[in-house]
Every structure is written in structure tokens, then in C-alpha cells.
Amino acid sequence: MAYSVDTTTRSPLTQLREWIDKAERLVVQVNGTNVVELLTLLDAIEQQFELLETTGVDLRTEQTRWESLLSRINSQPDPIVHAADVAGGMNKLRAAHQPAESFWWYLDAAITKRRINTFRRLTITAVTLVVLLVGGYWAINTFFPPDPEAVLMVETTNSIDQLVMEQRWEEALTIVKAARTQVPDQPELMVWEVVLNERIGDSEAAAAAFAEAEAALATQPAQLWTSLGTTRMRVNDLEGADAAATQALSIDPNDPQVYFLMGGIAEAQGNLPAAIENFETTFTLAEGTSPQLAVIARVRMGQLMQNPNSFISPVATPEQP
């Protein structure tokens with residue numbers, strides 16, 4: 001991409017240094033009016049490095065400053081993405097400044113991925129803690145080895161989580177089917193079978209597995225949809241998770257688990273005010289009936305409220321033609 005810059009009285013190395021100076025200033029005061037200037041200036045600096053590297057010029061000092069600048073941007077992407085939202089959104093800016101290939105043009109995707117990974121790790125931790133507490137209590141009170149079914153579920157869940165993180169859907173589905181031959185009536189495995197079949201595009205198998213899960217949880221329909229939404233969330237299907245949460249909410253508008261799910265979805269979508277509101281509702285509804293969930297919701301809410309963007313509603317990104 002070409003940029004209009006005045007180099008009539010500057011050598012390429014001097015120009016590079018001035019651009020780095022300017023980028024360092026912009027990055028600490030980025031806003032909706034200068035975010036495009038910052039992003040395109042980063043492109044220009046990158047191109048200038050490529051040009052100068054072919055001349056044999058000593059760029060070690062400039063390279064150190066450049067790497068430090070990029071490290072700051074990568075570790076603190078929120079201000080730039082927020083500024084881009086004010087300017088119309090990263091999608092719009094990428095389309096207007098093609099080819100937009102470098103990572104700073106995709107900071108919005110990086111933030112979403114980090115939030116999803118955080119939610120996934122917290123969910124896995126919460127599930128693991130519950131399983132360990134229940135298993136420990138059972139062992140202490142019975143002095144018998146752990147229930148083989150519980151052991152199988154823990155091992156299966158750990159295997160699925162690892163494969164899902166690597167998006168190895170078919171291998172994860174094979175693990176689920178193998179486990180179901182030993183515990184065919186486990187709703188959690190039925191829901192996993194639904195979601196993994198959705199991931200590989202087998203809608204018929206997904207529908208069949210859903211029918212089984214629906215029958216197994218016939219007396220707990222809201223739990224079925226909440227479980228489906230949470231599992232979809234774990235495979236990064238935010239749209240499907242949101243649809244399941246909406247269905248669960250229509251069945252039981254006072255279920256704290258539903259609001260906890262909606263909070264996680266809103267956080268992954270970058271809508272921090274909505275996430276805080278849903279976690280607060282979770283805490284209110286769960287405080288008297290599910291203390292553990294209430295504590296987790298309060299912790300999540302507190303973490304989000306430390307983010308400077310937590311009380312700024314996301315700006316809708318115009319659809320591209």
C-alpha cells in the first residue's frame with residue numbers, strides 16, 4: 001500500500017525514525033479521529049523497514065523500538081479496537097485500507113479469541129472443581145474407590161476439552177461416542193454429540209442426539225438449553241450459544257445459570273456492559289440457592305468492572321456491501 005509522505009528533505013532512515021516517534025505518541029492517545037492514521041502509519045513503518053533492510057543499514061536501534069511498540073499494541077489492544085469502533089469498526093477500516101494484512105488490523109479478532117479462551121478456562125476450572133469436590137466428599141464418606149462412571153466422565157471431559165481447543169471435531173466426537181457405549185444415558189455426552197455433529201455439518205446426527213438429550217432432560221428443559229448453549233460457547237459458536245440461551249430464558253426467566261451463560265456470551269462478543277449486567281443478575285438469583293455460582297458470578301463481574309471499556313456500549317459495525 002502506498003502512502004503520501006514528504007521525504008524531500010529526509011533520508012529513508014531519518015523518515016523511519018520520525019514515523020516511529022509519531023507512532024509511539026499516537027498509540028498512547030489513540031482515539032476515533034486518529035486511529036486510521038496510526039494503523040496506516042504502522043503499515044508505512046513496516047514497509048520502510050523492508051526497504052532499508054535491503055540496503056544494509058544498521059537498524060538495530062530502530063528495530064528494538066519497533067518491537068517494543070508492537071509488543072505494547074499486542075498486549076494492550078483494547079484502546080485501539082475501541083477507537084476503531086468509534087471510527088466505524090475494524091471490518092470497515094480493513095475494507096477501506098486493503099490489503100490490511102498485519103496483525104494490528106485484526107486486534108478485534110485477537111480480543112475476542114482471548115475472551116473466549118478466558119471463559120473456556122474458567123468454565124473448565126469450575127467444572128473440574130465441582131467434580132473434585134463431589135468426588136472427594138463421596139470417597140471420604142464411603143471409603144471406596146471412585147465411581148468408575150465419574151472417573152470416565154472426568155477423563156472424557158479432559159480429552160474433549162483438549163481436542164476442542166485444537167478444533168479436532170471428529171476426533172472429539174469419536175471420544176464422545178466411545179464414552180457413550182459405557183454411559184449411554186449421560187446427558188452431558190448427548191449434548192456434546194449434538195454440538196460436535198453441528199461443527200462437522202452433520203445436521204441429521206445432531207438432531208438425533210438432541211432428541212436423546214431432550215428425552216433425558218424432559219423434566220429440565222431449561223437445563224437442556226443452558227447446557228447446549230454452554231457447550232456451543234466452548235466450541236466458539238457464539239451465535240448458536242446465544243440462540244440456546246434465548247430458548248432457555250423463555251422457559252425459565254429466573255434460572256441464574258441462564259444469565260451466567262448470557263454473561264459469558266456478551267463478554268466474548270465484547271459487550272462488557274451487558275456481560276456485567278447478566279453476571280449481576282446471576283449473583284442476585286443464585287445468592288440464596290447456589291452460593292458457588294453466585295461467588296463465581298461476582299468474581300467475573302468484578303474483573304470486568306476493572307476494564308475501562310466496561311461501561312461503553314459497543315458501536316455497531318455497518319454491514320459491508
Side-chain angles (χ1 to χ4, degrees), residues 89 91 108-109 111-120 122-124 126-127 160-161 164-165 167 169-170 172-173 176 186-282 285-286 293 296-297 300 304 313-317 319-320:
N91 284 337
D108 55 337
I111 289 176
T112 298
K113 183 177 180 180
R114 290 177 187 178
R115 287 172 178 161
I116 290 173
N117 287 340
T118 298
F119 178 83
R120 181 179 296 145
L122 288 171
T123 300
I124 292 171
V127 170
I160 293 171
D161 286 335
V164 163
M165 289 182 67
Q167 298 188 8
W169 314 123
E170 293 185 353
L173 182 57
V176 171
Q186 175 55 249
E188 181 181 349
L189 295 177
M190 298 175 188
V191 172
W192 265 117
E193 191 167 345
V194 173
V195 173
L196 291 171
N197 274 304
E198 290 176 343
R199 290 285 85 186
I200 65 176
D202 192 339
S203 57
E204 184 176 341
F210 180 82
E212 290 185 85
E214 191 172 32
L217 295 172
T219 60
Q220 301 170 290
Q223 180 181 334
L224 166 65
W225 287 101
T226 302
S227 177
L228 181 62
T230 300
T231 306
R232 284 173 173 170
M233 179 79 177
R234 291 167 70 178
V235 301
N236 198 19
D237 179 9
L238 299 184
E239 184 177 349
D242 188 55
T246 299
Q247 184 67 25
L249 186 65
S250 69
I251 296 172
D252 188 352
N254 295 313
D255 185 348
Q257 289 283 356
V258 178
Y259 290 94
F260 186 77
L261 170 60
M262 293 193 299
I265 295 170
E267 181 182 358
Q269 292 172 333
N271 191 345
L272 302 191
I276 291 173
E277 181 179 353
N278 280 300
F279 288 139
E280 185 173 13
T281 303
T282 301
L285 294 174
L293 179 61
I296 294 173
R300 295 283 297 281
L304 290 180
S313 299
V315 177
T317 303
E319 294 184 1
Q320 300 297 320

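Only a predicted model underlies this, so the values are computations on that prediction, with no experimental measurement involved.
- Contact record, P256 with A286: CB-CB, 3.7 Å, taken as the closest heavy-atom pair.
- Within the 4.5 Å cutoff, side-chain heavy atoms of F210 are placed close to those of L228.
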Original post:
What do the steps show when you test W192 against V235 for side-chain contact (heavy atoms from CB on, under 4.5 Å), and what is the final call?
Top reply: CA-CA 10 Å; W192 265 117; V235 301; 3.9 Å; yes

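- Here the CD1 atom belonging to I160 is positioned 9.0 Å from the CG atom belonging to L173, to the nearest 0.5 angstrom.
- At least one donor-acceptor pair under 3.5 Å links the side chain of T231 to the backbone N or O of S227.
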Subject >> Residues Q247, L224; criterion side-chain contact (heavy atoms from CB on, under 4.5 Å); working and verdict >> reply: CA-CA 10 Å; Q247 184 67 25; L224 166 65; over 6 Å; no

Original post:
Could you go step by step and tell me if R234 and D161 meet the side-chain contact (heavy atoms from CB on, under 4.5 Å) rule?
Top reply: CA-CA 8 Å; R234 291 167 70 178; D161 286 335; 2.4 Å; yes

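- Residues satisfying the ring pair (Phe, Tyr, Trp, His ring centres under 6.0 Å) criterion with Y259, sequence neighbours excluded, are absent altogether.
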**OP:** Apply side-chain contact (heavy atoms from CB on, under 4.5 Å) to the pair V195 and D237, showing each step before the final yes or no.
**Re:** CA-CA 9 Å; V195 173; D237 179 9; over 6 Å; no

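- Atoms CZ and CD1, from F279 and I296 in turn, are 10.5 Å apart once rounded to the nearest 0.5 Å.
- Counting heavy atoms from C-beta outward, K113 and N236 have side chains that stay 4.5 Å or more apart.
- For the side-chain contact (heavy atoms from CB on, under 4.5 Å) criterion with N278, the lone passing option out of R300, M262, E267 is M262.
- Atoms OG1 and CD1, from T246 and I265 in turn, are 7.5 Å apart once rounded to the nearest 0.5 Å.
- Using a 4.5 Å heavy-atom cutoff, the side chains of T281 and F260 are not in contact.
- Residue pairs satisfying the salt bridge (Lys or Arg N to Asp or Glu O under 4.0 Å) criterion with at least one member in residues 240-265, sequence neighbours excluded, are absent.
- When all heavy atoms of L304 and L272 are compared, the closest pair comes out as CD2-CD2, 4.1 Å.
- Rounding to the nearest 0.5 angstrom, the gap separating the CD atom in Q223 from the OG1 atom in T230 is 10.0 Å.
- Note that CD of Q257 and CG of L293 are 5.0 Å apart. Values are rounded to the nearest 0.5 Å.
- Separation of atoms CZ (R232) and CG (L238) is listed at 12.0 Å; rounding is to 0.5 Å.
- The number of heavy atoms from other shown groups lying within 6.0 Å of CD (E277) does not exceed 12.
- Between A245 and V258, the closest heavy-atom pair is O-CG1, 3.7 Å.
- For the pair A275 and A266, the tightest heavy-atom approach, listed with the atom from each and the gap, is N-CB, 3.6 Å.
- Closest heavy-atom contact between A213 and V191: CB-CG2, 4.3 Å.
- For the pair A268 and I116, the tightest heavy-atom approach, listed with the atom from each and the gap, is CB-CG1, 3.8 Å.
- With Q269 contributing its side chain and N271 its backbone, the two residues share no donor-acceptor pair below 3.5 Å.
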